[in-house]
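We count residues from 1, following the sequence as given.
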Amino acid sequence: MNKKILVGVTALLFGVTLTGCQIHFDRDAVTFGKVESKKKKVTKKKVVKPKKTNQRVSNKTEIHNKVNKKVKKSKSINKWNLDKTRKLQVIVSNWSKKSGQQYVFYRKKVLKTKNGVTYPWAFKQRKFVLNKKPISIGYSPIGKNRYQYNVVAIANDNFKNWHNTYLFCLKKDKPIILLDQSKNTNPIVVQVVNDKVLNKKFKQIVE
């Protein structure tokens, strides 16, 4: 029986070979002819390119914002400058003519007061008192808030036996004028100037 089966298979193989058919031996069966292999379809994903942003415009905007911040910051710090000192000189000169006085402003040369001290060194060498209370006062040519009273300009006129030394100050960024008429004393006693015209003009320059 086995011999018959073997003979039959051999004959079948011989016949298939003559016809040119292909034989495929699988694990569970024998197949004849071409076997088409299943190919996986590969789909290409579309790559979405990111939209180009105008980098130059954004950079310019950032730089512009930084510059504006610096300008605002510098304006908030520099409350006083040389131009404002010159304007104040003209105002004080016109204001003092009525009383026959002539005031000299501190620029580079120190101001020596009559029977008193020298400015601006007095701020470091002496103590100051206002309304019987000690105050923190110092020279601040750009109006930077370093002291209780920040002196932005100093004007002095010497007379025969006394002197008038006006200290134009900023107290918490608000204008206030102090007057020193003391002799060579320590502490130096100052008083607030209540002259409406002078205070108004000084306030206008500060603002």
Side-chain angles (χ1 to χ4, degrees), residues 64 66-131 135-207:
H64 182 70
K66 287 180 180 179
V67 170
N68 283 342
K69 287 180 180 179
K70 287 182 179 180
V71 171
K72 289 180 181 178
K73 190 175 180 181
S74 63
K75 285 183 178 180
S76 63
I77 293 173
N78 299 338
K79 294 291 184 179
W80 197 261
N81 53 44
L82 185 58
D83 289 336
K84 290 185 177 182
T85 300
R86 288 170 179 167
K87 290 179 182 178
L88 185 61
Q89 279 183 280
V90 175
I91 290 170
V92 172
S93 178
N94 294 331
W95 168 79
S96 63
K97 280 181 181 179
K98 295 179 182 180
S99 57
Q101 298 175 359
Q102 188 175 359
Y103 286 88
V104 177
F105 274 73
Y106 168 72
R107 290 286 295 276
K108 292 182 180 180
K109 294 182 180 181
V110 296
L111 294 178
K112 175 65 178 178
T113 64
K114 183 73 173 181
N115 298 325
V117 294
T118 302
Y119 283 95
W121 310 121
F123 298 125
K124 294 182 179 180
Q125 296 171 349
R126 304 297 171 92
K127 294 180 180 180
F128 284 74
V129 172
L130 174 63
N131 297 327
I135 60 173
S136 170
I137 187 170
Y139 183 56
S140 181
I142 60 173
K144 195 171 183 180
N145 192 16
R146 293 179 177 177
Y147 314 95
Q148 186 180 3
Y149 292 87
N150 302 279
V151 181
V152 295
I154 308 168
N156 179 72
D157 192 6
N158 290 324
F159 308 101
K160 187 175 180 180
N161 296 319
W162 83 97
H163 66 93
N164 284 346
T165 305
Y166 287 91
L167 308 175
F168 296 88
C169 311
L170 295 179
K171 183 182 180 183
K172 295 181 179 179
D173 295 334
K174 293 183 179 180
I176 185 171
I177 306 172
L178 301 179
L179 175 62
D180 167 25
Q181 292 179 317
S182 63
K183 295 183 179 180
N184 195 5
T185 59
N186 191 18
I188 296 173
V189 180
V190 295
Q191 56 184 318
V192 176
V193 176
N194 295 318
D195 188 284
K196 292 182 179 179
V197 175
L198 193 59
N199 277 287
K200 183 180 179 180
K201 295 294 184 180
F202 180 47
K203 184 179 179 181
Q204 288 175 348
I205 296 175
V206 171
E207 294 177 349

Residue pair [X] / [Y]: nearest heavy atoms and the distance that separates them:
| X | Y | result |
| --- | --- | --- |
| Pro141 | Trp80 | O-CD1, 3.3 Å |
| Gly143 | Val152 | CA-CG1, 3.7 Å |
| Tyr139 | Phe123 | N-CD1, 3.8 Å |
| Lys84 | Lys79 | NZ-O, 3.0 Å |
| Asn199 | Asp195 | ND2-O, 2.6 Å |
| Lys114 | His163 | O-CD2, 3.1 Å |

Taking the side chain as every heavy atom from C-beta outward, state whether [X] and [Y] have any pair of such atoms under 4.5 Å apart.
| X | Y | value |
| --- | --- | --- |
| Ile137 | Val190 | no |
| Leu111 | Thr113 | no |
| Phe128 | Leu178 | no |
| Leu130 | Tyr149 | yes |
| Phe105 | Arg86 | no |
| Val90 | Lys87 | no |
| Thr185 | Arg126 | no |
| Cys169 | Val151 | yes |

Should the heavy atoms of other residues, nucleotides or ligands under 6.0 Å from NZ of Lys112 be counted, would the total exceed 12?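 Yes.
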
So with a 6.0 Å cut-off around CD of Gln102, is the heavy-atom count from everything else above 12? no

Backbone N/O of Lys183 and side chain of Asn115: donor-acceptor pair under 3.5 Å: no

Do Asn164 side-chain atoms and Leu179 backbone N/O form a donor-acceptor pair below 3.5 Å? no

From [X] [atom1] over to [Y] [atom2], what is the distance, rounded to the nearest 0.5 angstrom?
| X | Y | atom1 | atom2 | result |
| --- | --- | --- | --- | --- |
| Ile154 | Leu167 | CD1 | CG | 6.5 Å |
| Asp157 | Tyr166 | CG | OH | 9.5 Å |
| Asn150 | Phe168 | CG | CZ | 15.5 Å |

May I ask you to check whether Asp173 and Asn145 show a side-chain donor-acceptor distance below 3.5 Å?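 Result is no, nothing qualifies.
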
Could you check Asn184, Asn186, Asp180 and say which one makes a side-chain hydrogen bond (donor to acceptor under 3.5 Å, both in side chains) with Ser182?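 Considering Asn184, Asn186, Asp180, a side-chain hydrogen bond (donor to acceptor under 3.5 Å, both in side chains) with Ser182 is found only for Asp180.
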
Are Tyr106 and Trp121 an aromatic pair by the rule of ring centers under 6.0 Å? no

Would you confirm whether the ring centroid of Phe202 sits within less than 6.0 angstrom of the ring centroid of Trp95? no

side-chain contact (heavy atoms from CB on, under 4.5 Å) partner of Tyr119, the single match among Thr165, Asn156, Val110: Thr165

